[in-house]
Amino acid sequence: MNIIGTGSALPKKIVTNDELSSFLDTSDEWITSRTGIRSRHVISDEKIEDLGMEAARRAIADAGLEISDIDFFICSNVINEYVTPGISCIIAAGLGMKCPCIDINCACPGFIYAMDIADTYISAGKYSNVLIVCPEEPTRMTSWEDRSTCVLFGDGAGAAVFTKGDNLKATRLSADPAPDKIWQFHKLTPTPYITKEETEVPLQMKGRDVFRFAVSTSARDIRELLAGVNMTIDDVDYFMIHQANMRIIEGIRNALGVEEKRFPTNIADHGNSSSASCPILLDECNRKGLFKKGDILVFSAFGAGLLSAAAILEW
Ligand code: COA
């Protein structure tokens with residue numbers, strides 16, 4: 001399949017590290033040196049589905065299509081205010097879209113998982129124009145009294161439109177299930193019959209384990225994916241890495257031995273926006289005119305699950 005449009009939308013509220021330091025025992029120096037994050041966009045009065053709709057409209061316009069041209073819609077989302085229906089239906093209703101839509105919850109690699117699903121459907125001849133939207137609000141998952149998690153995240157929505165073609169060269173999805181590394185519990189409605197204990201626990205993370213997983217898995221995914229299609233690191237113009245932490249991105253870059261200019265980043269202004277991270281970065285690079293036709297982009301993302309994914313896409 002080919003990519004034909006990108007879009008993104010961000011909450012207007014920007015929170016700096018200094019603002020966090022006013023109510024948390026942290027500092028701009030600690031956050032910047034450990035993560036590379038200086039500020040993040042945080043949901044205040046917006047609804048995440050509205051940001052998803054805005055990102056979708058921009059991606060569809062960038063593709064030169066109408067909403068009615070989209071015949072399949074995939075949403076990648078971890079949390080939103082609705083339990084049901086899926087956020088894909090909420091966004092589809094807002095856009096006036098009538099095609100089938102599904103939700104996936106694959107955390108940070110969700111955009112690449114969605115690309116793999118879209119490619120499978122398009123290759124099978126079932127759908128022609130697939131919209132992927134990743135609306136994410138991870139700032140609603142952490143405790144804002146927990147300095148080890150809340151400083152890491154930011155909100156936003158990224159989107160892309162794909163159509164028939166052979167520009168997606170390969171994808172690689174993988175799982176190393178370990179639900180104790182990144183997790184959160186929410187409480188379900190009690191019934192007269194529930195006797196087990198259920199608790200509400202905000203996002204928990206074994207930061208160092210996740211860090212090691214991210215660097216080693218991403219470097220492995222990228223190497224194996226390229227080798228599978230007889231390409232090398234030198235064939236790649238840009239590495240579009242999940243923006244979780246600048247030290248993770250640098251670790252991957254050093255493991256692959258690639259110079260900085262082929263690793264675009266926006267972590268400093270966004271923090272980790274889960275599956276929205278890759279498509280927001282993609283849209284920002286596209287709007288800046290960074291890519292030229294024929295450029296090879298490699299995507300790599302990792303996160304809760306633990307899941308990881310990578311893809312090679314010719315621009
Ligand atoms: N400000 C100041 N100090 C902080 C802090 C903050 N925001 N967060 C944690 N600390 C403290 C800890 O309490 C600890 O203090 P102690 O030594 O007195 O116990 C100290 O800093 C070191 O904590 P540690 O967790 O060992 O730091 P680290 O170097 O591993 O960095 C992360 C923490 C979270 C930045 C790092 O582990 C990381 O980036 N992990 C990957 C997280 C991630 O990206 N997850 C999402 C993947 S999709």
Side-chain angles (χ1 to χ4, degrees), residues 3-15 35-44 46-63 74-80 87-88 91 104 106-115 118 131-141 152-162 214 218 238-246 248-249 252 263-291 297-303 309-311 313 315:
I3 187 164
I4 51 171
T6 67
S8 60
L10 299 167
K12 61 184 169 307
K13 173 87 186 149
I14 295 172
V15 178
T35 72
I37 301 165
R38 294 183 183 278
S39 63
R40 68 287 289 145
H41 292 255
V42 174
I43 288 268
S44 54
E46 302 95 344
K47 291 212 168 262
I48 191 64
E49 54 268 31
D50 291 334
L51 295 178
M53 279 175 222
E54 196 49 42
R57 280 193 199 96
R58 289 176 184 164
I60 293 167
D62 189 43
I74 307 169
C75 239
S76 163
N77 167 262
V78 176
I79 194 169
N80 69 84
I87 192 168
S88 60
I91 292 175
I104 61 169
C106 300
C108 304
F111 178 65
I112 305 175
Y113 270 72
M115 278 207 277
L131 170 67
I132 296 175
V133 181
C134 305
E136 298 277 21
E137 48 182 336
T139 67
R140 310 302 302 282
M141 300 169 69
L152 303 174
F153 296 96
D155 304 322
V161 179
F162 295 89
S218 174
Y238 296 106
F239 292 86
M240 310 297 288
I241 307 295
H242 169 47
Q243 304 287 295
N245 179 317
M246 197 60 198
I248 292 178
I249 298 167
I252 297 164
F263 267 67
T265 65
N266 64 7
I267 176 98
D269 311 318
H270 291 272
N272 179 347
S273 56
S274 190
S275 73
S277 152
C278 279
I280 291 174
L281 178 66
L282 180 69
D283 185 50
E284 289 185 356
C285 292
N286 179 22
R287 308 253 162 200
K288 277 187 213 150
L290 184 68
F291 309 133
L297 276 49
V298 163
F299 292 85
S300 172
F302 34 78
L313 180 72
W315 189 255

Give a yes or no answer on whether the side chain of Gln243 reaches the backbone of Ile241 with a donor-acceptor pair at less than 3.5 Å. yes
I'd like to check the side-chain hydrogen bond (donor to acceptor under 3.5 Å, both in side chains) partners of Asp269; sequence neighbours left out, ordered by chain and number. none
Look at Glu54 together with Arg58 and state whether they make a salt bridge at an N to O cut-off of under 4.0 Å. yes
Can you tell me how far CD1 of Ile267 sits from OG of Ser273, rounded to the nearest 0.5 angstrom? 8.5 Å
Measure the shortest side-chain to side-chain distance between Phe153 and Met141 over non-hydrogen atoms and say whether it is less than 4.5 angstrom. no
On the 0 to 90° scale, with breaks at 30° and 60°, tag the Phe263-Phe239 ring pair as parallel, tilted or perpendicular. parallel
Looking only at non-hydrogen atoms, find the nearest pair between Ile37 and Leu152 and report the distance. CD1-O, 3.4 Å
Within a strict 4.5 Å, meaning less than it, do heavy atoms of the Ser300 and Ile252 side chains meet? no
Minimum heavy-atom separation for Ile48 to Gly156, with atom names? CD1-O, 4.0 Å
Checking Asp155 side chain against Ile43 main chain: does a donor-acceptor pair fall under 3.5 Å? yes
Can you tell me how far the CG atom of Asn77 sits from the OG atom of Ser88, to the nearest 0.5 Å? 9.5 Å
Taken in chain and number order and not counting sequence neighbours, the residues that satisfy side-chain hydrogen bond (donor to acceptor under 3.5 Å, both in side chains) with Asn286 are Thr6, Asp62
Tell me every residue that passes side-chain hydrogen bond (donor to acceptor under 3.5 Å, both in side chains) with His41, counting only those two or more places apart in sequence or in another chain. none
What are the two closest heavy atoms between Phe291 and Met240, and how far apart are they? CZ-CE, 3.8 Å
Are Cys108 and Ser274 close enough that some pair of their side-chain heavy atoms sits under 4.5 Å apart? yes
Restricting to non-hydrogen atoms, name the atom on Asp283 and the atom on Ser8 that form the minimum distance, rounded to 0.1 Å. OD2-OG, 2.7 Å
Nearest heavy-atom neighbours spanning Arg40 and Gly154: CB-CA, 3.9 Å
Partners of Ala59 by side-chain contact (heavy atoms from CB on, under 4.5 Å), sequence neighbours excluded? Ala159, Val161
What are the two closest non-hydrogen atoms of Leu281 and Pro264, and how far apart are they? CD2-O, 3.7 Å
Using the side-chain contact (heavy atoms from CB on, under 4.5 Å) criterion, which residues pair with Ala114? Sequence neighbours excluded. Ile74, Ile104, Ile132
Do Ile112 and Phe302 have side chains that approach each other closer than 4.5 Å (heavy atoms only, starting at C-beta)? no
Beyond-backbone contact of Pro109 with His242, side-chain heavy atoms, under 4.5 angstrom: no
Among all residues two or more places apart in sequence or in another chain, which pass the side-chain contact (heavy atoms from CB on, under 4.5 Å) test with Ala157? Leu51, Ala55, Pro135
